[in-house]
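Structure first, then comments.
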Amino acid sequence: MNSLLTFFAAAVLPLLAIALTVMAHRHVMQKWRAKIDTELAQALSTLGVTTYTLLVDKLTSPSTDRTAQVYRILLGERGDYYLFMKIGEQPGLLKPLSKERALLAVRVNG
């Protein structure tokens with residue numbers, strides 16, 4: 001019985017701790033991404049855009065040694081192109097792009 005408890009303490013508990021840590025990290029990242037998506041949708045709705053296609057989607061998730069960064073090129077429902085950028089906790093920036101600039105950015109970052 002004593003060896004079973006020793007095995008449980010030595011092998012199972014660390015694995016359980018690792019699994020819980022990974023699950024907590026995934027949950028935080030899902031919440032962060034949902035926050036980014038909501039902010040983008042709100043910015044687009046002010047311009048009257050309800051549906052869009054992501055052409056470039058570069059996300060750098062926040063961590064202890066790096067700042068969160070979001071870089072997206074979008075194609076709106078009416079054929080308009082947009083750039084959405086966000087760094088850290090600052091509000092996101094949504095700018096219209098010309099077709100030429102958007103396609104160049106897609107080619108460079110795609």
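One-based numbering along the sequence shown. A quick note: this is a predicted structure, and the numbers were derived from the prediction, not measured.
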Donor-acceptor contacts, no H, no angles, side chain residues 10-33, under 3.5 Å, sequence neighbours left out:
residue	atom	partner	partner atom	Å
T21	OG1	A17	O	2.8
R33	NH2	D57	OD2	3.0

Output a table of donor-acceptor pairs, distance under 3.5 Å, between side-chain atoms of residues 78-97 and any protein atom two or more places apart or on a different chain; print 'none' if there are none.
residue	atom	partner	partner atom	Å
R78	NH2	L47	O	3.4
K86	NZ	E39	OE1	3.1
K86	NZ	Q90	O	2.5
E89	OE1	K35	NZ	3.0

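Residue L103 holds its CG atom at 9.5 Å from CD1 of I73, rounded to the nearest 0.5 Å. The CD atom of Q69 lies 10.5 Å from the OG atom of S61; values are rounded to the nearest 0.5 Å.
Proximity of T67 to T60: side-chain heavy atoms (C-beta onward) are nowhere separated by under 4.5 Å.
Take S45 and apply the side-chain hydrogen bond (donor to acceptor under 3.5 Å, both in side chains) test, not counting sequence neighbours, and it matches no residue. Residues that satisfy the side-chain contact (heavy atoms from CB on, under 4.5 Å) test with S98, not counting sequence neighbours, are E100, R101. Legend: residues meeting side-chain hydrogen bond (donor to acceptor under 3.5 Å, both in side chains) with T38, ordered by chain and number and at least two apart, are absent. With sequence neighbours excluded, the residues forming a side-chain contact (heavy atoms from CB on, under 4.5 Å) with T50 are E77, listed by chain and number.
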Yes or no on side-chain contact (heavy atoms from CB on, under 4.5 Å) for L75 and L54, after CA distance, side-chain angles and deciding distance?
-> CA-CA 7 Å; L75 173 60; L54 279 173; over 6 Å; no

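For the pair L40 and L74, the tightest heavy-atom approach, listed with the atom from each and the gap, is CD1-CD1, 3.7 Å.
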